[in-house]
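Written out below as structure tokens is the structure these notes cover.
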Protein chains: 2
Amino acid sequence: MLKLTKKADYGLMALKYLAEHPETAALSAKDIADAYGIPAQLLAKILQQLTKAGLLRSHAGMNGGYALSREAREISAYEVIHAIDGPFFITSCTKGSKSCELTPSCTIKEPLARVNETIAGVLKSISIQDLTEQEHPAGHAQEASRLIFLTL
Amino acid sequence: MLKLTKKADYGLMALKYLAEHPETAALSAKDIADAYGIPAQLLAKILQQLTKAGLLRSHAGMNGGYALSREAREISAYEVIHAIDGPFFITSCTKGSKSCELTPSCTIKEPLARVNETIAGVLKSISIQDLTEQEHPAGHAQEASRLIFLTL
DNA sequence: GCAATATCCGACTGGTTCAGTCCGCGTTTA
DNA sequence: TAAACGCGGACTGAACCAGTCGGATATTGC
Ligand code: SF4
Ligand code: SF4
């Protein structure tokens, strides 16, 4: 099955929330968690990971919190997921640590790697700002479209 | 993280193997398992699921086994994954059984649903036959390309 | 008929990952 | 100095995955 972890899910929500509140200097983890009902401590750790990855800037102390380190337009969903869940691969042959032992005899890893790259491309083409637009259910906000190339 | 289960992985390998041996009337689960080093009993159950989903035809008894019920061109990777792992959703709000309880307050489920559909589209556009082609590392087998539309 | 070869199907187990919590520490500010 | 906040490791229960076992049924070859 192909599933996104809830951590990545929460991370995207938090970033979107930050993108929607650019006026405030910083928002604390608890603020964001309360806004959506996410467990505060869990979200805190997620935001820490995003900070370590360079997507957020943190500020400790009272009235501290987190703020985007770049423009929402410049942060892709791929980066968020990568920062939280680590490098993702569709298959188990991650080539890094513990590849599946039938890698040599396997004949579908190359095509699947292309599929993997295509999906990564989809996620890379989506920015945090894309998530914030398309409110206005009236729909006159022209929906952004993208073309993805899949080369087998 | 976004990962394909090994069962689906094995299923794709098995179907590809069947597609490459159209001359034989039927191949047993053990035959295919031995060809790749997949645990035989595990593959057997996977093939049973694919049979139940209508992608394969089975025949019990000696010299029995499995054969594709359609042409390789007509079987998509999406169908295989769906048959083995069930309906897949990127997010946990599957709306079916146990959706995550912050579905109402969540503001990113709609865009993520579109992403989900886009990825499904990628998988639907890939057939078993696509996996068998692109052997011939010479590369003169023109690589099939597809355009995927992502509408946020 | 009988034995060998298959599919079929549910139950079971060990291992890994996920979601969430707890607790102690460093930092900033009122 | 104390409250508010970020930081980070350790921990737990639950869910899921990979793989195994055992038995039932169907078909074929002899
Ligand atoms: S090698 Fe083949 S079987 Fe093993 S994980 Fe990669 S794709 Fe799946
Ligand atoms: S509702 Fe929002 S948070 Fe809950 S699973 Fe769907 S997308 Fe993730």
Side-chain angles (χ1 to χ4, degrees), chain A residues 1-11 13-14 18 24-34 36-53 56-67 69 81 84-86 88-89 91-94 97-98 100-102, chain B residues 1-11 13-14 24-34 36-53 56-67 69 81 84-86 88-89 91-92 94 97-98 100-102:
Chain A
M1 183 123 50
L2 229 42
K3 206 184 284 181
L4 209 58
T5 61
K6 276 202 166 180
K7 287 189 189 176
D9 211 342
Y10 294 160
M13 292 172 73
L18 286 171
T24 61
L27 287 168
S28 74
K30 188 169 183 309
D31 290 337
I32 305 175
D34 289 349
Y36 290 113
I38 303 173
Q41 298 197 85
L42 180 56
L43 181 63
K45 241 190 340 204
I46 295 167
L47 296 178
Q48 287 164 29
Q49 287 184 268
L50 293 174
T51 303
K52 214 164 56 175
L56 293 178
R57 291 200 186 286
S58 64
H59 187 55
M62 286 187 72
N63 298 325
Y66 299 90
S69 73
I81 296 170
I84 294 173
D85 288 336
F88 80 73
F89 290 90
T91 58
S92 303
C93 46
T94 57
S97 46
K98 249 210 290 193
C100 110
E101 64 261 16
L102 34 96
Chain B
M1 183 124 50
L2 227 43
K3 205 182 284 180
L4 208 59
T5 61
K6 276 202 167 180
K7 287 189 189 175
D9 210 342
Y10 293 160
M13 292 172 73
T24 61
L27 287 167
S28 75
K30 190 172 182 307
D31 290 337
I32 305 175
D34 288 349
Y36 290 113
I38 302 174
Q41 300 197 84
L42 180 55
L43 182 63
K45 237 185 348 198
I46 295 168
L47 296 179
Q48 286 164 28
Q49 288 184 266
L50 293 174
T51 304
K52 215 164 55 176
L56 293 177
R57 289 201 186 286
S58 63
H59 187 55
M62 287 185 72
N63 298 324
Y66 297 91
S69 72
I81 297 170
I84 295 174
D85 287 336
F88 80 73
F89 289 90
T91 58
S92 304
T94 58
S97 46
K98 249 210 289 193
C100 112
E101 64 261 18
L102 35 96

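Lettering follows sequence order; numbering is per chain, from 1. Since we're looking at a predicted model, the values are computed, not measured.
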Letter by letter from the 5' end, nucleotides 22-28 of chain D scores (B base, S sugar-phosphate only, - none; protein heavy atoms under 4.0 Å) ----BBB

Can you name the nearest heavy-atom pair linking B:G37 to A:L102, along with the distance? O-CD2, 3.7 Å

Between atom CG in B:L2 and atom C1' in C:dC18, what is the gap in whole Å? 15 Å

Nearest whole angstrom, please: distance from the C1' of D:dT20 to the CD1 of B:I38. 16 Å

Between C:dT28 (C1') and A:R57 (CZ): distance, integer Å: 18 Å

Rounded to whole Å, CD of A:Q48 lies from C1' of C:dG26 at a distance of 12 Å

Nearest non-hydrogen partners of A:A44 and A:Y66, listed with the distance: O-OH, 4.0 Å

To the nearest 0.5 Å, what is the distance between CG (A:D85) and OG1 (A:T5)? 3.0 Å

Under-3.5 Å donor-acceptor pair between B:K45 side chain and C:dT7 base: no

B:T5 has its side chain closest, among D:dG9, C:dA19, D:dC17, to D:dC17

Check this for me: does the side-chain of B:K3 come within 3.5 Å of the base of C:dT17 through a donor and an acceptor? no

Taking the side chain as every heavy atom from C-beta outward, state whether B:Q48 and B:K45 have any atom pair closer than 4.5 Å. yes

Taking the nucleotide of DNA chain C with the closest heavy atom to each, which residue, B:E101 or B:T51, is nearer the 5' end? B:T51

To the nearest angstrom, the CG-C1' distance between A:L4 and C:dT17 comes to 15 Å

Given C:dA19, is OP1 or OP2 found less than 4.0 Å from the side-chain N or O atoms of A:Y10? no

Rounded distance in Å - CD1 (B:I84) to C1' (D:dG19): 15 Å

Does C:dC8 have its OP1 or OP2 closer than 4.0 Å to a side-chain nitrogen or oxygen of B:Y66? yes

Side chain to side chain contact (heavy atoms under 4.5 Å, CB included) with B:I46: of B:T51, B:I84, B:I32, only one passes, and it is B:I84

Tightest non-hydrogen contact, residues A:K7 and A:L42, listed as CE-CD1, 4.1 Å

In whole angstrom, give the distance that lies between atom CE of B:M1 and atom P of D:dC17. 13 Å

For A:A29 and A:L43, which heavy atoms make the closest approach, and how far apart are they? O-CD2, 3.6 Å

Could you tell me whether B:K30 contacts a base, only the sugar-phosphate backbone, or nothing, with contacts defined as non-hydrogen atoms closer than 4.0 Å? nothing

Considering all heavy atoms, the nearest B:A40-B:A33 contact: CA-CB, 3.6 Å

Out of curiosity, A:L18 CG to A:L50 CG, how far, rounded to the nearest 0.5 Å? 9.5 Å

How long is the straight-line distance from CG of A:L2 back to CZ of B:F88, given to the nearest 0.5 Å? 5.5 Å

Value in whole Å for how far the C1' atom of D:dC17 lies from CG of B:L42: 10 Å

Select base, sugar-phosphate, or nothing to describe what B:A29 touches, counting heavy atoms under 4.0 Å on all strands. sugar-phosphate

What N/O pairs connect the protein and nucleotides 13-15 of chain C at under 3.5 Å? Give each pair on its own line.
none

